[in-house]
Amino acid sequence: MLLPHLTRLFAASLPSLSNPYRLLRTSLMSNSTRARAKATLRGVVFDMDGTLTVPVIDFHAMYREVLGPERYAAAKQAEGGSIDILRQIDTWSPEEQTRAYGVIARFEQDGLDRLQIMPGALELCGFLYSREIRRGLITRNVNAAVDVFHQKFGLTFVPALSREFKPYKPDPAPLLHICATWNIPPNEVMMIGDSLKDDVVCGKRAGAFTCLLDETGRYGPHESLKDDLRPDFKVSSLVEVFTILESHFDLVPEQAQAV
């Protein structure tokens with residue numbers, strides 16, 4: 001739940017967004033006879049790094065230091081430029097793992113020192129809070145980073161699963177665990193993240209709705225994505241998620257879920 005001072009902040013800030021909301025609702029009402037049936041949505045699960053927070057970690061520099069130049073180049077070629085560093089480290093000896101996680105911890109701590117909230121994240125979380133929609137989090141960062149995020153920005157996601165929970169994304173296990181904890185079927189949950197191979201694949205494998213945050217357009221047009229990677233929705237900012245939620249879903253509040 002939100003801290004009391006942030007609850008008041010959201011209550012004060014939401015009116016500033018009321019004009020676009022009114023326009024949206026007016027448009028939806030005027031076209032209600034043509035509108036398709038909306039899907040039920042009871043919960044939203046977020047990625048953290050690059051989704052709720054501004055990306056500040058130089059992952060390629062981190063991967064190079066962890067793997068070494070030659071192994072880094074070979075891994076990039078073998079995995080098509082996208083490296084799953086955690087899965088690689090899992091196959092190493094305990095001594096190698098200790099060294100590797102030491103390097104990763106240094107990069108992650110530097111990222112925590114410069115942690116910034118993603119534009120639109122506070123407003124979106126405030127909107128979900130006001131509608132009593134459950135909020136969860138899945139990150140491949142450590143639990144300590146999740147704690148810092150919660151404390152710094154006054155937001156709480158329950159459950160909030162870090163890389164201490166295995167298997168990692170893109171395995172659907174963490175998302176299915178959250179759905180089971182909420183007692184909500186995956187097809188009434190949305191996964192929002194900035195990674196096709198981790199967040200979108202995790203959501204699709206679990207049977208949830210998926211939304212890709214692609215700020216820079218690096219993934220190209222939505223229709224150009226392969227079927228097994230194509231999310232249900234693609235946005236360039238979290239602000240656009242408001243329209244998706246209002247246009248495509250019936251938001252069922254937490255209190256109504258027990259009825």
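By convention here, the first residue in the shown sequence is residue 1.
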Quick one: are [X] and [Y] in side-chain contact, heavy atoms under 4.5 Å?
| X | Y | value |
| --- | --- | --- |
| Tyr101 | Leu86 | yes |
| Ile104 | Val66 | yes |
| Phe46 | Thr139 | no |
| Arg42 | Glu254 | no |

Examine [X] and [Y] and state if one hydrophobic cluster contains both, with Ile, Leu, Val, Met, Phe, Trp and Tyr joined whenever side-chain heavy atoms are less than 4.5 Å apart.
| X | Y | answer |
| --- | --- | --- |
| Leu196 | Met190 | no |
| Phe233 | Leu251 | yes |
| Val44 | Leu122 | yes |
| Val142 | Phe107 | no |
| Leu238 | Leu137 | yes |

Which pair of non-hydrogen atoms, one from [X] and one from [Y], has the smallest distance, and what is that distance?
| X | Y | value |
| --- | --- | --- |
| Val146 | Ser162 | CG2-CB, 4.3 Å |
| Gly120 | Val239 | CA-CG2, 4.1 Å |
| Thr181 | Pro159 | CG2-CG, 3.9 Å |
| Val252 | Ile133 | O-CD1, 3.2 Å |
| Leu175 | Gly203 | CD2-CA, 3.6 Å |
| Leu213 | Gly50 | CD2-O, 3.6 Å |

Discussion item. For the CD atom on Glu164, are there more than 12 heavy atoms of other groups (residues, nucleotides or ligands in this structure) within a distance under 6.0 Å?
Written reply: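 Yes, the 6.0 Å shell around CD holds more than 12 heavy atoms from other groups.
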
Worksheet entry | Aromatic ring pairing Phe242/Phe127, orientation class (parallel under 30°, perpendicular over 60°, tilted between) |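 If you compare the ring of Phe242 with that of Phe127, the planes turn out perpendicular.
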
Practice prompt. Give me the ring orientation class for His150 and Phe157: parallel if the planes are under 30° apart, tilted from 30 to 60°, perpendicular past 60°.
Written response: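 Aromatic pair His150/Phe157 classed parallel.
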
Any chance you could measure [X], atom [atom1], to [Y], atom [atom2], to the nearest 0.5 Å?
| X | Y | atom1 | atom2 | answer |
| --- | --- | --- | --- | --- |
| Leu52 | Leu155 | CG | CG | 8.0 Å |
| Leu67 | Met62 | CG | CE | 9.5 Å |
| Arg163 | Asn141 | CZ | CG | 6.0 Å |
| Phe249 | Arg131 | CZ | CZ | 13.0 Å |
| Asp250 | Leu41 | CG | CG | 9.5 Å |
| Phe209 | Ile244 | CZ | CD1 | 11.5 Å |

Item to complete: Taking the six-membered ring of Tyr168 (Phe, Tyr or Trp), confirm whether the NZ or CZ of Arg140 is under 6.0 Å from its centre and within 45° of its axis.
Response: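 Yes; both conditions hold, so Arg140 lies above the ring face of Tyr168.
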
Discussion item. Distance to the ring centre below 6.0 angstrom and angle to the axis at most 45 degrees; does that hold for Arg135 and Trp182?
Written reply: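 The answer is no, since Arg135 fails at least one limit relative to Trp182.
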
Fill in: Val235 vs Leu212, side-chain contact (heavy atoms from CB on, under 4.5 Å): CA-CA, chis, key distance, verdict
CA-CA 6 Å; Val235 297; Leu212 176 68; over 6 Å; no

Worksheet entry | Trace of the side-chain contact (heavy atoms from CB on, under 4.5 Å) decision for Leu124 with Leu245 | CA-CA 10 Å; Leu124 178 57; Leu245 295 179; 4.0 Å; yes

Between [X] and [Y], is there a donor-acceptor pair closer than 3.5 Å when you use the side chain of the first and the backbone of the second?
| X | Y | answer |
| --- | --- | --- |
| Lys169 | Asp47 | no |
| His222 | Pro231 | yes |
| Thr91 | Gln88 | yes |
| Arg64 | Glu70 | no |
| Asp199 | Asp194 | yes |
| Thr51 | Met48 | no |
| Thr98 | Pro94 | yes |
| Gln97 | Ile89 | yes |

Worksheet item: Do any pairs count as a side-chain hydrogen bond (donor to acceptor under 3.5 Å, both in side chains) and have a residue in residues 230-242, sequence neighbours left out, and if so which ones?
Response: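 For residues 230-242: Thr210-Asp232, Asp214-Lys234, Asp227-Arg230, Ser236-Glu240.
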
Fill in: Sequence-distant partners of Arg106, salt bridge (charged side-chain N to carboxylate O under 4.0 Å, His left out), two or more places apart
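Result, salt bridge (charged side-chain N to carboxylate O under 4.0 Å, His left out) vs Arg106: Glu65.
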
Discussion item. Show, in sequence, the C-alpha distance, side-chain angles and deciding distance for Met191 and Val45, and conclude whether the side-chain contact (heavy atoms from CB on, under 4.5 Å) test is met.
Written reply: CA-CA 5 Å; Met191 178 76 203; Val45 179; 3.7 Å; yes

Practice prompt. Evaluate the side-chain contact (heavy atoms from CB on, under 4.5 Å) criterion for residues Ile178 and Val158: first the C-alpha distance (whole Å), next the side-chain angles of each, then the deciding distance (0.1 Å), finally the verdict.
Written response: CA-CA 8 Å; Ile178 290 179; Val158 181; over 6 Å; no

Item to complete: Before accepting this row, confirm whether a basic side-chain N of the pair Asp171/Lys166 lies closer than 4.0 Å to the acidic partner's carboxylate O.
Response: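 Judged by the 4.0 Å cut-off on N to carboxylate O distance, Asp171 and Lys166 do not form a salt bridge.
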
Practice prompt. Quick one: do Asp228 and Lys204 satisfy salt bridge (Lys or Arg N to Asp or Glu O under 4.0 Å)? Show the steps, please.
Written response: CA-CA 8 Å; Asp228 59 337; Lys204 290 176 76 70; over 6 Å; no

